[in-house]
Amino acid sequence: MGLPKIYEASKYESGIYKLWEKSRVFIADPNSSKPHFSMAMPPPNETGTLHVGHALFLTLQDIIARHERQRGKDVLWLPGTDHAALATNAIIEKKLAEQGTDKHTIGREEFIRQVKVFVGNSRDTINSQIRAIGASCDWSRGRYTLDDALNRLVNETFVKMYNDGLIYRGHRIVNWDPNLETTVSDDEVVYKEQKAPFYTLQYGPFKIGTARPETKFGDKYVVMHPDDKRYVRYMHGETFEADWINGKVTATIIKDEAVDPSFGTGVMTITPWHDRTDFEIAERHGLEKEQIIGFDGRLLPIAHEFAGQTIDEARPKIVKKLRHKGLLIKEEEYTHNVALNDRGKGVIEPQIKLQWFVDVNRPAVEWKGQLRSLKEVMRAVIEDGDIQIVPKRFEKIYYHWIDNLRDWCISRQIWWGHRVPVWYRHAKIKNQRSKIKNEETYVGVVPPEEQGWEQDPDTLDTWFSSALWTWSTLVDQDLAKDYSLSLEDLLAKSLDYRTYHPTDVMETGWDILFFWVARMILATTYVTGEVPFKTVYLHGLVRTEHGKKMSKSDPDSIVDPMEVIPQYGTDALRLALVAGTSAGADQRLGKAKIVANRNFANKLWNIARYIDDLRVRPVEGEENNRGRRSLRVVPVGREMMPKSVADHWILNKLSISTAVINKALDSFRFSEAYELLYHFVWDDFADWYVEASKVEPNVGMLNHVLESTLKLAHPFAPFITETIWQNMGKKSLLAAELWPEITNADKAQARQFEELKKIITEARQISVNVGVSKPWLFNKNSNLIEQNKALIERLGRLGGVETSAKLGTGVQLHSSKTPAWLAIDIKDLKRHSKKLEEQVSNQESLIKMLEGRLANKAYVARAPKKLVEETKFQLAEEKFRLETLNSELKTFEKSLT
RNA sequence: GGGCGCUUAGCUCAGUUGGCUAGAGCACCGCAUUUACACUGCGGGUGUCGGGGGUUCGAGUCCCUCAGCGCCCACCA
């Protein structure tokens, strides 16, 4: 079957993927006797479509998965999607707003229904796009974070942690997003530098600084550092009267070390309800806390005439009033960081709220026979080497994060997600003193049976369920319906869990190291007593050609996989994403890079096409369309048998490449592996071996090298390699083939070809340099040249190759061990003599350097003996070369005069 | 403020434990050919390895220091 001249990816790709899926090669088999390998796919959010970041991780993971399969392993690469609570919720809320309604109007049930419709469509889109990238994942085991079984496991985990005292409910200061009306965790808060006015206000006898006058209504504590000499006369606990925004207040003096005496006046008032530091000061001294700003972001009645106004509305008016009252002393500009919600970019307002938290400091986790805190376990698994992070430098970042970690707020006030598995019931007798004491709490995997219980309205942070991903996806879905089984039973009885956990590799972006990787470690070590994965490979961000973040506001800068794929092919995109990248480093991607890699795919295609032609077209005895004598037909599939030196050489190169690519892939050096492949295919195979084969074709050998090359290239470019494979008439799938075996080549013969290569290259260089096309090559007593006349003539672009009994005039080839020279006319030799002079001078400086090294007694004495020997040997060689060059130059000068 | 990185050819980046005259791709220049492939072939030039200092027989690589850039964490009212 003849292959078309240009590989048009879009013609083949979807057919190839269907072939794979039909064959079930991607489906894992826990009963297989092969060694098992497993990897969980980071579940994309069900909020939209795939972007280039997804394409990157899918490519890298697919390379891993395919390579492991090639190494004879039973591979499970488990795909799935994430319900992306906050993101999805926000999208639906926005839709509702556009329709002029909101979630409160339509109610919780209707809201959830609408979300489900939306994510259902979105999931299909995403899954088909994952296929388009060529991901060899096991679709039969696809999961979704809100599957019933996964939901149960979330509840099980919550309950277990609650019972161990690792989850508690408490009034704590949280990051409140008034726009989305929910709390967010510390990690979801981002800071943006902003210029803002900084006011100095008169507060009784003190001057206090603030950027937030709107929070100051309730301020009745003045805090200063205990060692601040300026304020020694004020005693801790002392009170005074001050005229404040809305009249007189009684203020109390507090001494606390949290105050920085060098900032502003060294005195501040505190607002414990809306500031973490203030909250902590208040906690230390048992001070009262009062809410100033409501959860809707508007001022409360304490603000008097400003009540009901938003901060932006009220601030200038409050400043005006302060000025009017003579309380405003100074107004200056300063830069500070404003806290924003990473999702939606709403301004964060710290609030005190009754929320659910994960206690990271309580020593309640059994790990390696010791009771430790979650923090300690998270640290230990990396320190002990149970988990390796690639690249290693992220370990430091990880430790740093752990050391600063506070309790994790896991409850969210949104409706889409895993509902907090807690129910409350109000006692009938009301006790005036405390409301909470009269509220019964039930925490359980299933709702309580009695009447009167009401479930906590909150849902859990998305990352709480994602944290279970490596094992919650492996629990048997049917068994999970049986509530008589405990969590331990479920794990013990799930074959997939037993076979595939811990997973081998977690491949993801460094930007979710804390959000996800750390939380998987936290939850998984706690629940299962196992690490979730053995190795974490972190990739970088894909940036624009100019190094900027791709953003929707600049659509031209975005590389959209779904546009690139039909135009250049999936393989081109995949190769571009792998080329020139290293672990943890961001990369730049633009059209040029994709084109360059498309060219590589095309190279592969054309090698196949050439070999295909040889196999099919020439018929014995006939002349082909090039007027050359036809090539002998060699039946396809015949054992490869190296005959020529070129055959041995390419076999040797193939062996080496197979080994080094394998090694690079083993250590996650994807880019390096690809580079090795690239040079093998383009330089060795196409430019030398295929060219050499035009002189002396060995179709069996060409076939063998092509097949092996396809296997090597398959993890990187699965579609084109499989397409070629299928076109070769194979009955099997390339995706199911094993990594090529290393064949031993005759090294001596391989070296002979290496020598021929040098001779050919030198001949080409000289021809170009002297500007003569097709010169003749003469040699004296060279068996190698004599035996490979046709090869040298063709590849060296020579007029002919002849033996000569005596030396003739021309340019000597240094690469030949026996005398060989290109016959060049005297008039053309001038150009070469200049080149020779250059070479002589280079040679001289090289010799000088080597001599210098050997003259250094310390070097000779202390450097390894082998190295010194090598230097000596090299010096002798270089000296000999210089002599040759010099004598040649002399001959030239003679003949030119 | 604390921490982690980066700085190598015009551009994008490799350079693994210190060891031959520092590499690749792209770009650029010259030449060739209608060849499996112009999505091609052949040939070519380019570096004070950010500056300074140190350790060493030997430093792009290790240590110190300075400068510039980037990122992460914390956060000052």
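Every chain is numbered from 1, with letters handed out A, B, ... down the list of sequences. Hydrogens, waters and symmetry mates are skipped; everything else that's a heavy atom, side chains included, is used.
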Note to self: Checking base pairs now: Watson-Crick or wobble, both atom distances under 3.5 Å. What partners B:A14?
What the structure shows: none

Margin query: Less than 4.0 angstrom between a side-chain N/O of A:S773 and OP1 or OP2 of B:C31, yes or no?
Written below: no

Next item on the list: Mind calculating the distance between CG (A:D219) and C1' (B:A77) to the nearest angstrom?
Entry: 10 Å

Note to self: Counting the atoms with a prime plus P, OP1 and OP2 as sugar-phosphate, which does A:Y203 contact under 4.0 Å by heavy atoms, base, sugar-phosphate, or nothing?
What the structure shows: nothing

Next item on the list: Describe the nucleic acid contact of A:Q874 in one word from base, sugar-phosphate, nothing, applying a heavy-atom distance below 4.0 Å.
Entry: base

Check: Taking the six-membered ring of A:Y399 as reference, does the NZ or CZ atom of A:R379 fall below 6.0 Å from its centre and within a 45° cone about the axis?
Finding: yes

Check: Is the NZ or CZ atom of A:K694 positioned over A:Y610's six-membered ring, under 6.0 angstrom from the centre and within 45° of the axis?
Finding: yes

Margin query: Quick check: on RNA chain B, is the nucleotide nearest A:H400 upstream (toward 5') of the one nearest A:K593, or the reverse? Name the residue that is more 5'.
Written below: A:H400

Notebook entry, point to check: Below 3.5 Å, does any donor atom in the side chain of A:E691 face an acceptor in the base of B:A36, or the other way round?
Noted result: yes

Checklist line | Closest listed nucleotide, where the reference is the side chain of A:N599 and the choices are B:A77, B:A32, B:C39 | finding: B:C39

Notebook entry, point to check: Taking only N and O in the side chain of A:K603, is any of them less than 4.0 Å away from OP1 or OP2 of B:G41?
Noted result: yes

Notebook entry, point to check: Given that both distances must come in under 3.5 Å, which nucleotide forms a Watson-Crick or G-U wobble pair with B:C71?
Noted result: B:G3

Check: With a 6.0 Å cut-off on ring centres, are A:F719 and A:Y12 close enough?
Finding: no

Note to self: Could you check whether the side chain of A:K694 and the base of B:A36 have a donor-acceptor pair of N or O atoms closer than 3.5 Å, going by distance alone?
What the structure shows: yes

Next item on the list: Quick one: label A:V259 by what it contacts on the DNA or RNA (base, sugar-phosphate, nothing), any heavy atom closer than 4.0 Å.
Entry: base

Margin query: Taking any heavy-atom pair under 4.0 Å as a contact, classify A:S582: base, sugar-phosphate, or nothing.
Written below: sugar-phosphate

Check: Can a donor-acceptor pair under 3.5 Å be found between the side-chain atoms of A:N404 and the base atoms of B:C73?
Finding: no

Next item on the list: Kindly say if A:Y191 contacts the phosphate of B:C72, meaning a side-chain N or O under 4.0 Å from OP1 or OP2.
Entry: no

Notebook entry, point to check: Whole Å only: how far is the CG atom of A:L795 from the C1' atom of B:A36?
Noted result: 15 Å

Margin query: Can you confirm whether the side chains of A:R853 and A:N856 place a donor and an acceptor under 3.5 Å from each other?
Written below: no

Note to self: Under 4.0 Å, counting only non-hydrogen atoms across every strand here, what does A:T761 touch: a base, just sugar-phosphate, or nothing?
What the structure shows: sugar-phosphate

Note to self: I'd like to check A:Q202 versus A:K207 (side-chain heavy atoms, cut-off strictly below 4.5 Å). Are they in contact?
What the structure shows: yes

Notebook entry, point to check: Ignoring hydrogens and angles, does a donor from either the side chain of A:K396 or the base of B:C4 sit under 3.5 Å from an acceptor on the other?
Noted result: no

Item checked: Integer-rounded Å distance: B:A77 P and A:Q202 CD -> 20 Å

Next item on the list: Give the rounded distance in Å between these two atoms: NZ of A:K835 and P of B:G30.
Entry: 17 Å

Next item on the list: Please work out if A:R543 contacts a base, only the sugar-phosphate, or nothing of the nucleic acid, heavy-atom cut-off 4.0 Å.
Entry: nothing

Next item on the list: In sequence, state the C-alpha distance, the side-chain angles, and the governing distance for A:E349 and A:R212, and then conclude on salt bridge (charged side-chain N to carboxylate O under 4.0 Å, His left out).
Entry: CA-CA 12 Å; A:E349 185 63 66; A:R212 303 205 54 190; 2.8 Å; yes

Next item on the list: Pick base, sugar-phosphate or nothing for A:K5, based on heavy-atom distances below 4.0 Å to the nucleic acid.
Entry: sugar-phosphate

Next item on the list: Using a heavy-atom cut-off of under 4.0 Å over every strand shown, decide if A:N856 touches base, sugar-phosphate, or nothing.
Entry: sugar-phosphate

Next item on the list: Please give the nucleotide sitting opposite B:U34 as a Watson-Crick or G-U wobble pair, both distances under 3.5 Å, or none.
Entry: none

Notebook entry, point to check: What is the nucleic acid contact for A:V690, judged by heavy atoms within less than 4.0 Å: base, sugar-phosphate only, or nothing?
Noted result: base

Next item on the list: To the nearest Å, give me how far apart CG (A:D687) and P (B:U40) are.
Entry: 11 Å

Next item on the list: Name the nucleic acid region contacted by A:L867, choosing base, sugar-phosphate or nothing; use a 4.0 angstrom heavy-atom cut-off, strictly under.
Entry: base

Next item on the list: Verify the neighbour count for atom CD of A:Q839: are there more than 12 heavy atoms of other residues, nucleotides or ligands below 6.0 Å?
Entry: yes

Note to self: Less than 4.0 angstrom between a side-chain N/O of A:Q587 and OP1 or OP2 of B:C13, yes or no?
What the structure shows: no

Next item on the list: Heavy atoms only: give me the nearest A:I292-A:E214 pair and the separation to one decimal.
Entry: CG2-O, 3.7 Å

Check: Who is the Watson-Crick or G-U wobble partner of B:C76, with both distances under 3.5 Å?
Finding: none

Next item on the list: Could you check which of B:G43, B:C72, B:A36 has an atom nearest any side-chain atom of A:Q765?
Entry: B:G43

Check: Base, sugar-phosphate, or nothing for A:A686, non-hydrogen atoms under 4.0 angstrom?
Finding: base

Next item on the list: With A:I254 as reference, evaluate A:I270, A:V222, A:L287, A:V259 under the side chain to side chain contact (heavy atoms under 4.5 Å, CB included) test and give the passing residue.
Entry: A:L287

Notebook entry, point to check: Any side-chain N or O of A:R588 under 4.0 Å from OP1/OP2 of B:U12?
Noted result: yes

Checklist line | Watson-Crick/G-U partner (both atom distances under 3.5 Å) of B:C62 | finding: B:G54

Item checked: A:T277 side chain near B:C76 phosphate (N/O to OP1/OP2, under 4.0 Å) -> yes

Check: Should A:R393 be listed as having a side-chain N or O under 4.0 Å from OP1 or OP2 of B:C4?
Finding: no

Next item on the list: Nearest whole angstrom, please: distance from the P of B:C37 to the CD1 of A:I6.
Entry: 9 Å

Checklist line | Atom-pair distance (NZ on A:K865; C1' on B:G58), nearest Å | finding: 18 Å

Next item on the list: Describe the nucleic acid contact of A:W688 in one word from base, sugar-phosphate, nothing, applying a heavy-atom distance below 4.0 Å.
Entry: nothing

Notebook entry, point to check: How is A:N769 classified with respect to the nucleic acid when contacts are heavy atoms under 4.0 Å: base, sugar-phosphate, or nothing?
Noted result: nothing

Note to self: Partner lookup for B:A9, please. Criteria are Watson-Crick or G-U wobble with both distances under 3.5 angstrom; report none if nothing qualifies.
What the structure shows: none

Check: Are OP1 or OP2 of B:C39 and a side-chain N or O of A:R598 less than 4.0 angstrom apart?
Finding: no

Next item on the list: Please give the nucleotide sitting opposite B:U48 as a Watson-Crick or G-U wobble pair, both distances under 3.5 Å, or none.
Entry: none

Item checked: Separation of atom CZ in A:F394 from atom C1' in B:C72, rounded to whole Å -> 9 Å

Note to self: Taking only side-chain N and O atoms of A:W510, does any of them lie within less than 4.0 angstrom of OP1 or OP2 on B:C4?
What the structure shows: no

